[in-house]
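Below you'll find the structure, written out as structure tokens, and then a few comments.
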Amino acid sequence: VQLQASGGGLVQTGGSLRLSCTASGRTFSSYFMAWFRRSPGKEREFVAVVSRSGDGTYYSDSVKGRFTIARDSAKNTVYLQMNSLKPEDTAIYYCAPASLAPSGWGPATDYWGKGTLVTVSS
């Protein structure tokens, strides 16, 4: 089972990127799917989640209004459109099946991809 994230790169402040995450080996259609990120020296952070049907989404306050998450179940792929990027968005971005706990959204399984690096220059 693999979760392969792609689409990262170097972009200037205010720029845009579109991340993709494709699952292979199994389907995650029964799961909410989320994007997380880890910045240097920081803990992993929840970014956004999309429901099983794709109709429901939820974002962290830090990205709300700038990022859009979507999924294409037929392609077993989750997307993250990132606009108005800021230097503080610099991180490795991962996608994973997600579940809601009292502490917030977190990973629902042990499946993690390698992530994709996003670097926003000032």
Report task. With rounding to the nearest 0.5 Å, note down the distance linking CD in Gln4 to OG in Ser20. Result -> 10.5 Å
Requested in this report: Take atom NZ of Lys64 as the centre, draw a 6.0 Å sphere, and report whether it contains more than 12 heavy atoms from other residues, nucleotides or ligands.
Outcome: yes
Query raised in the report: CZ of Arg71 to OG of Ser51: how many Å apart, nearest 0.5 Å?
Result: 7.0 Å
**Report entry** Exam field: side chain Thr119 to backbone Leu10, donor-acceptor pair closer than 3.5 Å
**Finding:** no
Query raised in the report: Out of curiosity, Leu3 CG to Lys114 NZ, how far, rounded to the nearest 0.5 Å?
Result: 12.5 Å
Requested in this report: Report yes if some heavy atom in the side chain of Tyr58 is under 4.5 Å from a heavy atom in the side chain of Phe46; otherwise report no.
Outcome: yes
Query raised in the report: Any side-chain heavy atom of Phe28 within less than 4.5 Å of one from Tyr111?
Result: yes
Query raised in the report: Is it true that the side chains of Thr13 and Ser122 contain a donor and an acceptor less than 3.5 Å apart?
Result: no
Requested in this report: Could you pull out the closest heavy-atom pair between Thr116 and Gly7, with the gap in Å?
Outcome: OG1-N, 3.9 Å
Query raised in the report: Do Val47 and Phe67 come close enough that some side-chain heavy atom pair is under 4.5 Å?
Result: yes
Query raised in the report: Is there a donor-acceptor contact under 3.5 Å from the side chain of Arg66 to the main chain of Ser84?
Result: yes
Requested in this report: Decide ring-ring contact (aromatic ring centres under 6.0 Å, His included) for Phe36 and Trp112; before the verdict, give the C-alpha distance in whole Å, the side-chain angles of both, and the deciding distance to 0.1 Å.
Outcome: CA-CA 10 Å; Phe36 300 87; Trp112 289 97; 5.4 Å; yes
Query raised in the report: At their closest point, which heavy atom of Val118 faces which heavy atom of Gly8, and how far apart are they?
Result: CG2-CA, 4.0 Å
Query raised in the report: Could you state the interatomic distance from OG1 (Thr68) to CE (Met82), rounded to the nearest 0.5 Å?
Result: 11.0 Å
Query raised in the report: Which heavy-atom pair separates Leu85 from Leu17 by the least distance, and what is that distance?
Result: CD1-N, 3.9 Å
Which atom pairs, donor and acceptor, lie under 3.5 Å between side-chain atoms of residues 92-108 and protein residues at least two apart or in another chain?
| residue | atom | partner | partner atom | Å |
| --- | --- | --- | --- | --- |
| Tyr93 | OH | Arg37 | NH1 | 2.9 |
| Tyr93 | OH | Asp89 | O | 2.7 |

Requested in this report: Report yes if some heavy atom in the side chain of Thr22 is under 4.5 Å from a heavy atom in the side chain of Val78; otherwise report no.
Outcome: no
**Report entry** Steps toward side chain to side chain contact (heavy atoms under 4.5 Å, CB included) verdict (Tyr31, Thr109)
**Finding:** CA-CA 10 Å; Tyr31 288 94; Thr109 70; 3.7 Å; yes
Requested in this report: To the nearest 0.5 angstrom, please state how far the OG atom of Ser29 sits from the CZ atom of Arg52.
Outcome: 9.5 Å
Query - Separation of Ser24 OG from Asn76 CG (nearest 0.5 Å) - result: 8.5 Å
Query raised in the report: Quick one: are Glu45 and Ser62 in side-chain contact, heavy atoms under 4.5 Å?
Result: yes
Query raised in the report: Can you find a heavy atom in the side chain of Asp72 that is under 4.5 Å from one in the side chain of Tyr79?
Result: yes
Query raised in the report: Do the side chains of Phe32 and Val50 get nearer than 4.5 Å, heavy atoms only?
Result: no
